[in-house]
Q: 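First the structure, then my questions, so here it is.
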Amino acid sequence: DSGVTQTPKHLITATGQRVTLRCSPRSGDLSVYWYQQSLDQGLQFLIQYYNGEERAKGNILERFSAQQFPDLHSELNLSSLELGDSALYFCASSVGLVSYNEQFFGPGTRLTVL
Amino acid sequence: ELKVEQNPLFLSMQEGKNYTIYCNYSTTSDRLYWYRQDPGKSLESLFVLLSNGAVKQEGRLMASLDTKARLSTLHITAAVHDLSATYFCAVDRVGGNQFYFGTGTSLTVIP
């Protein structure tokens, strides 16, 4: 158990809908990273937040947005969902800002868009 | 566009044998990461390599980094069944916390 929690574990929804994925980092970790894993695209880095502020952006679509709250949990919002958004979404947390701090991954949320 | 290539994509090896997984990347990067993913599970961070010539070892796994060749290797020594998993490398573009992942190497260790 990494100490990072993600909810829900599974999510099934329809095209055009909007969903919110939630991540709670390990106690004491200030950075949260979001990743997407799909058969088509492989593993992709989406975005990083540190202590409530966006710090790095990867291949995140404009239909997706994220935020980190004062209690350090983070949410990834996916809107106008398409079939291709079906994937496993991981969050990870680390203690510091820099990327080379060890990251601890949550169990993931499996999103299925029908 | 930064590209990260791993080979082989699939690796089946017998217990007790040695093998190496290669990770090539296409642009300057000082930082290279290795992760493990068990089937149906999340990712686990294995190694963070921060400079040219860096070498790290944990049990039967040893990772190294050659930034001039833009190459990292993950060497498996005397493989055991518990090492069966998919291994990913990732690089971090200089100047930013942006990760680019390889395609992964699916390792099966046969008893």
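The model shown is predicted, which means the values in this text are computed figures rather than measured ones. Naming: A, B, ... by sequence-line order, numbering from 1 per chain.
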Q: With chain B as the partner, which of Gln44(A), Arg55(A), Gln37(A), Glu102(A) has the greatest number of non-hydrogen pairs under 4.5 Å?
A: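 Answer, by heavy-atom pair count under 4.5 Å with chain B: Gln37(A).
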
Q: What is the minimum heavy-atom distance between Phe90(A) and Gln37(B), and which atoms define it?
A: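 Looks like CZ-NE2, 3.6 Å.
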
Q: Need one label for Tyr33(A): side chain, backbone, both or neither, based on atoms under 4.5 Å from any heavy atom in chain B.
A: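 Side chain only.
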
Q: Where does Gln48(A) contact chain B at under 4.5 Å (heavy atoms): side chain, backbone, both or neither?
A: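 Side chain only.
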
Q: Donor-acceptor pair, distance only, cut-off 3.5 Å: does the side chain of Gln98(B) make one with the backbone of Phe45(A)?
A: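 No; judged by distance alone, with no hydrogens or angles, the pair does not exist.
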
Q: Just how far is it from atom OH of Tyr35(B) to atom CG of Leu43(A), taken to the nearest 0.5 Å?
A: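 CG of Leu43(A) is found 9.0 Å from OH of Tyr35(B).
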
Q: Got a sec: does the CZ of Phe10(B) have more than 12 other heavy atoms crowding it under 6.0 Å?
A: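 Counting other residues, nucleotides and ligands, CZ of Phe10(B) stays at 12 neighbours or fewer.
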
Q: Does atom CD of Glu54(A) have more than 12 heavy-atom neighbours, drawn from other residues, nucleotides or ligands, at distances under 6.0 Å?
A: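 Yes, enclosed.
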
Q: Ignoring hydrogens, what is the shortest heavy-atom contact between Phe105(A) and Leu43(B)? Give both atom names and the distance.
A: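 Smallest heavy-atom distance, with atoms named: CB-O, 3.3 Å.
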
Q: Against chain A, label Ser45(B) side chain, backbone, both or neither, depending on which of its atoms sit under 4.5 Å from a heavy atom there.
A: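 For Ser45(B), the contact with chain A is made by backbone and side chain together.
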
Q: Is chain A contacted by the side chain of Tyr100(B), its backbone, both, or neither, given a heavy-atom distance below 4.5 Å?
A: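 Neither part, no heavy atoms under 4.5 Å.
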
Q: Do Val80(B) and Ile21(B) land in one hydrophobic cluster if side-chain heavy atoms of ILVMFWY residues count as linked below 4.5 Å?
A: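 Val80(B) and Ile21(B): one cluster.
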
Q: Around Arg70(B), counting heavy atoms of other residues, nucleotides and ligands shown, do more than 12 lie under 6.0 Å from its CZ?
A: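 Counting neighbours around CZ of Arg70(B), more than 12 heavy atoms of other residues, nucleotides or ligands fall under 6.0 Å, so yes.
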
Q: Could you state whether Leu61(A) and Leu81(A) fall into the same hydrophobic cluster, counting links through intermediate Ile, Leu, Val, Met, Phe, Trp or Tyr residues with side-chain heavy atoms under 4.5 angstrom apart?
A: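 Yes, it is one cluster - the side chains of Leu61(A) and Leu81(A) are joined through contacts under 4.5 Å.
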
Q: If hydrophobic clusters are built by linking Ile, Leu, Val, Met, Phe, Trp and Tyr wherever their side-chain heavy atoms come under 4.5 Å apart, do Val4(B) and Leu11(B) end up in the same one?
A: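 In one cluster: yes.
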
Q: Quick check: are there more than 12 heavy atoms from other residues, nucleotides or ligands sitting under 6.0 Å from CG of Leu114(A)?
A: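 Yes - once you tally the heavy atoms of other residues, nucleotides and ligands closer than 6.0 Å, there are more than 12.
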
Q: For a quick test of reading the model, state the closest non-hydrogen atom pair linking Pro107(A) to Ser42(B) and the distance between them.
A: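 Scanning both residues, the minimum pair turns out to be CA-CB, 4.0 Å.
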
